[in-house]
Amino acid sequence: METWKEKRNRILLLLFLLSFVVYAVSFYVAFADLPLNIPPWHQFLLLYFHFVPMFFLEWLLCRTAKLRWRILLPLLPLVLVGLWFLSTAEWYLMAWFFFGIWCVPPVLGCLAGWGAWAIEKRSKSK
């Protein structure tokens, strides 16, 4: 018999996967045709929607990680790709601006996931 904790973890994993697929499809659709003609609502999805999968992934990791340093793993690709991008762009100010736009939503998603986990943990202890 599956426990409530296992069900909740499975739901979080499913929500992560579904939101990641939505983001990946919206990204593909935006850049599949040239010239680019992306409506504003689609631009919003491209710039900010990756908050959602990162939130669910981080909350799931917080619930399941035995070693706490593992909750930082989703931030590692941001750092590696970001440093590569900045070095390729020769560390220009505009590159930092784009890096910030690209990284802020997933970092906020991680913070929100940590917050949701803290609230969940605190409510269980009361």
Side-chain angles (χ1 to χ4, degrees):
M1 192 71 153
E2 193 174 40
T3 66
W4 172 242
K5 183 178 179 180
E6 292 168 344
K7 283 182 185 178
R8 182 177 257 172
N9 289 344
R10 188 175 306 228
I11 290 169
L12 285 173
L13 178 63
L14 181 65
L15 289 171
F16 161 70
L17 291 173
L18 287 174
S19 61
F20 181 76
V21 166
V22 167
Y23 180 70
V25 167
S26 70
F27 199 88
Y28 175 76
V29 167
F31 295 103
D33 294 329
L34 292 176
L36 296 178
N37 187 14
I38 306 171
W41 65 268
H42 202 159
Q43 292 174 19
F44 179 82
L45 282 178
L46 292 175
L47 289 175
Y48 303 112
F49 189 75
H50 49 299
F51 168 92
V52 177
M54 191 63 87
F55 167 72
F56 290 124
L57 176 63
E58 197 62 40
W59 193 2
L60 179 64
L61 281 175
C62 286
R63 291 173 54 85
T64 59
K66 300 291 185 231
L67 301 173
R68 288 293 160 218
W69 63 268
R70 290 185 183 169
I71 63 176
L72 299 174
L73 285 179
L75 296 176
L76 187 62
L78 291 173
V79 171
L80 295 177
V81 173
L83 288 176
W84 173 80
F85 171 73
L86 288 172
S87 66
T88 303
E90 299 179 3
W91 306 95
Y92 285 122
L93 182 61
M94 191 61 148
W96 282 96
F97 176 73
F98 286 131
F99 179 66
I101 287 175
W102 176 63
C103 287
V104 167
V107 169
L108 289 177
C110 284
L111 293 174
W114 296 338
W117 175 68
I119 290 169
E120 175 186 0
K121 193 171 181 177
R122 183 168 289 194
S123 69
K124 283 183 182 178
S125 67
K126 286 186 178 183

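Just so you know, residue 1 is the first one in the sequence shown, and it goes up from there.
Between F55 and W59, the ring planes are tilted. Angles from 30° to 60° get that label. The aromatic rings of Y23 and F49 sit parallel, their planes meeting at an angle under 30°, below the 60° perpendicular limit.
The two residues P105 and Y48 come nearest to each other via the heavy atoms CG-CD2, 3.7 Å. Contact detail for I38 and Q43: the closest heavy-atom pair is O-NE2, 2.8 Å. Closest heavy-atom contact between S19 and F56: OG-CD1, 4.1 Å.
No path of Ile, Leu, Val, Met, Phe, Trp and Tyr side chains, each step under 4.5 Å between heavy atoms, connects V52 with V21, placing them in separate hydrophobic clusters. W91 is not connected to L80 by any chain of hydrophobic side-chain contacts under 4.5 Å among Ile, Leu, Val, Met, Phe, Trp and Tyr, and they are in different clusters. Linking ILVMFWY side-chain heavy atoms closer than 4.5 Å, directly or via other members, places L47 and F97 in a single hydrophobic cluster. Linking Ile, Leu, Val, Met, Phe, Trp and Tyr whenever their side-chain heavy atoms come within less than 4.5 Å puts L108 and V22 in one cluster. Linking ILVMFWY residues whenever their side-chain heavy atoms come closer than 4.5 Å, directly or via other members, leaves L57 and L18 in distinct clusters.
Contact annotation: the side chain of L111 approaches that of W114 to within less than 4.5 Å [non-hydrogen atoms, C-beta and beyond]. No side-chain heavy atom of L13 sits under 4.5 Å from any side-chain heavy atom of N9. Side-chain contact check for L46 versus S26: some heavy-atom pair is nearer than 4.5 Å.
Here the CH2-CZ distance, from W117 to R122, works out to 11.5 Å after rounding to the nearest 0.5 Å. Note that CG of L83 is 6.0 Å distant from CZ of F99, once rounded to the nearest 0.5 Å. The CD atom of E58 lies 6.5 Å from the CG atom of L75; values are rounded to the nearest 0.5 Å.
By the neighbour-count criterion of 12 heavy atoms within 6.0 Å, atom CZ of F31 is densely surrounded, having more than that number from other residues, nucleotides or ligands.
H50 places a side-chain N or O within donor-acceptor distance of the main-chain N or O of W102, the cut-off being under 3.5 Å.
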